[in-house]
Number of protein chains: 2
Amino acid sequence: MRADLTIGMAARAAGVGVETIRFYERQHLVRQPPKPDGSGARRYSADTVGRIRFIKEAQELGFSLREIHELLALRADPATDCSEVREQAVAKRADVRRKIQRLQDIGAALERLIAACPGQGALQACSIMDALTPRSGGCAENGRRQHTNPRKSSCTKHKKENTR
Amino acid sequence: MRADLTIGMAARAAGVGVETIRFYERQHLVRQPPKPDGSGARRYSADTVGRIRFIKEAQELGFSLREIHELLALRADPATDCSEVREQAVAKRADVRRKIQRLQDIGAALERLIAACPGQGALQACSIMDALTPRSGGCAENGRRQHTNPRKSSCTKHKKENTR
DNA sequence: ATGGCATCCGTACCATAGTACGGAGTCAAG
DNA sequence: CTTGACTCCGTACTATGGTACGGATGCCAT
């Protein structure tokens, strides 16, 4: 794997600023490559770019840099005690699964919200908090019946949390 | 919905500190309830507790407080322009789907890492970065074939990024 | 060899999301 | 009627994750 990118090129390729790469180096999230042959500028590989992209993505999924470090440090290889690595990997997997579950709940709530909102004014008040608990709050689904009379929606019954 | 919790009780129920609730009030993420009848202490409802829980969960999924505010502000109801709400909800849903996809990728990579790691030392070096790109890097899966000859694993070929 | 970039490195500053502190008030039990 | 636990509100401090700045140096094309 040849390292042929300057820090500026690597930063552009990864979609971050040069300073971010240096910051990650200080945090030991990416290794600072050696200066090739006493030259002034370090050279970065495409692998490093991928690593930086991974860091940014994982951040958007709610992992802290510390957690990302742990993720990146996980290695199955013949030199390490695999059972410990395995244990951590299993824990991370559980974490990931929990997050997926919650996102699916939020996705379903948004789906309900969208269904309650046919395009011309909903028939029933419905926030995402209502939509999270399908059996209880508002959010009658109110599909493609746009031709039906949009008056008399019996709405705006419960205001509850107004918050701003 | 009766509001019968003091701020301390609400904080405990939501798993946050009192100061966090006050902070959210300052940020207009939760409404500050009125003091009932000139009494000194405000009273919070179970709804507010749910709202705070939602905020904490969404944060762990990588949403900023600003984004969470937008999520919470989405309401389908007869008084608002539904098509605009719908548009935002659809955008948020896309966001959520993207996150789910990435988490599934990471989950699959962890799965591969776990599979490559039978418990006694892996046959092949494999980091999560390798495991993310199944066809290319390391991470031969190495399931329950512990009886097959574990020599000659042709491992530890590519060290690439060592990073610390 | 010189002008214009880019890199290097250190330090300072910034936004976000809390967390702590301190003084004053309230309320119920002992 | 005091003590202790809690609330209220304002201000200050903290941790995380960058961003910006500035002087020195390096690289390369004209």
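Per chain, numbering begins at 1; letters A, B, ... match sequence-line order.
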Please check: side-chain N/O of [X] versus main-chain N/O of [Y], any donor-acceptor pairing under 3.5 Å?
| X | Y | result |
| --- | --- | --- |
| A:R43 | A:A3 | no |
| A:R51 | A:L29 | yes |
| B:R112 | B:A131 | yes |
| B:Q88 | B:V85 | no |

**A:R43 vs D:dC27: side-chain N/O to OP1/OP2 distance below 4.0 Å** = no
**Asked** Does a side-chain N or O from B:Q32 land closer than 4.0 Å to OP1 or OP2 of D:dC8, or not?
**Response** no
Table please: side-chain donor-acceptor pairs of residues 9-24 of chain A below 3.5 Å, with sequence neighbours left out.
none

Distance check needed: [N] [atom2] versus [X] [atom1], whole Å only.
| X | N | atom1 | atom2 | answer |
| --- | --- | --- | --- | --- |
| A:K35 | D:dT25 | NZ | P | 12 Å |
| A:I21 | D:dG17 | CD1 | P | 17 Å |
| B:E25 | D:dT7 | CD | P | 12 Å |

**Message:** Among residues 6-15 of chain B, which ones have heavy-atom contacts with DNA chain D below 4.0 Å?
**Reply:** B:T6, B:I7, B:G8
**Asked** Going only through I, L, V, M, F, W and Y residues with side-chain contacts under 4.5 Å, is there a path from A:I52 to A:F54?
**Response** yes
**Request:** Quick one, give me the B/S/- string for nucleotides 10-30 of chain C, reading 5' to 3', where B means a protein heavy atom under 4.0 Å from the base and S means that only happens at the primed atoms, P, OP1 or OP2.
**Result:** -------BBBBB---------
**Message:** On the six-membered ring of A:F63, is A:K92 placed so that its NZ or CZ lies under 6.0 angstrom from the centre and within 45° of the ring axis?
**Reply:** no
**Request:** Taking the side chain as every heavy atom from C-beta outward, state whether A:E60 and B:R98 have any pair of such atoms under 4.5 Å apart.
**Result:** no
